[in-house]
Amino acid sequence: MNIQFKKGVLELCVLSLLNEKDRYGYELVEEISNHIEISEGTIYPMLRRFRNEGYVRTYLEESSSGPPRKYYEITQEGAMFYVAQRREWEEFVTTVNDLLRRKMQ
């Protein structure tokens, strides 16, 4: 997949998954990797930025398979940002699809 396509949509994917439930970083990487090829190095800087911007907060939870995991929880501000971004994405996709289909008709 084109890297420019991925860059713009990864934030929305991360926010969407966090809007479903709290997740730890590697869990986000695994879930997104099932659909889009990404690396761990892509997600963690984004999560750090989201925390700095107040879109997520973190907490530690014990793990049965090693050290405690850092979970990310979407904040109310993050949820509002997600809704706005999703709305923009849906309008964008509709517009692009309309333009692409015109050529085919």
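Note that this is a predicted model, so its numbers are computed, not measured.
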Less than 4.5 Å apart, side chain to side chain, heavy atoms only: is that true for [X] and [Y]?
{"X": "Tyr55", "Y": "Leu18", "answer": "no"}
{"X": "Phe50", "Y": "Glu11", "answer": "yes"}
{"X": "Glu27", "Y": "Lys21", "answer": "yes"}
{"X": "Val56", "Y": "Val14", "answer": "no"}
{"X": "Ile74", "Y": "Phe81", "answer": "no"}

Spatial distance of atom [atom1] ([X]) from atom [atom2] ([Y]) [nearest 0.5 Å]:
{"X": "Thr42", "Y": "Glu37", "atom1": "OG1", "atom2": "CD", "value": "10.0 Å"}
{"X": "Ile43", "Y": "Cys13", "atom1": "CD1", "atom2": "SG", "value": "8.5 Å"}
{"X": "Asn52", "Y": "Leu47", "atom1": "CG", "atom2": "CG", "value": "11.0 Å"}

With a cut-off of 6.0 Å (strictly less than), are more than 12 heavy atoms of other residues, nucleotides or ligands near [atom1] of [X]?
{"X": "Glu61", "atom1": "CD", "value": "yes"}
{"X": "Glu20", "atom1": "CD", "value": "yes"}
{"X": "Arg49", "atom1": "CZ", "value": "yes"}

Seminar exercise, completed: The residue among Tyr59, Tyr44, Tyr72, Tyr71 that forms ring-ring contact (aromatic ring centres under 6.0 Å, His included) with Tyr24 is Tyr71
Under 3.5 Å, side chain of [X] to main-chain N/O of [Y], donor-acceptor pair present?
{"X": "Ser16", "Y": "Leu12", "answer": "no"}
{"X": "Ser63", "Y": "Pro68", "answer": "no"}
{"X": "Arg23", "Y": "Leu17", "answer": "yes"}

For this session: Please report the shortest heavy-atom distance between Ala79 and Asn19, naming the atom on each side.
Result: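 Minimum heavy-atom separation between Ala79 and Asn19: CB-OD1, 4.2 Å.
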Exercise. Which pair of non-hydrogen atoms, one from Ser33 and one from Ile38, has the smallest distance, and what is that distance?
Worked result: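 Smallest interatomic distance, heavy atoms only, reads OG-CG1, 3.4 Å.
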For this session: Assess whether salt bridge (Lys or Arg N to Asp or Glu O under 4.0 Å) is satisfied between Glu91 and Arg87, documenting all intermediate values.
Result: CA-CA 6 Å; Glu91 289 172 11; Arg87 189 173 299 123; 5.6 Å; no
Problem set entry | Single-linkage hydrophobic cluster Leu60~Leu28, side-chain heavy atoms < 4.5 angstrom | no
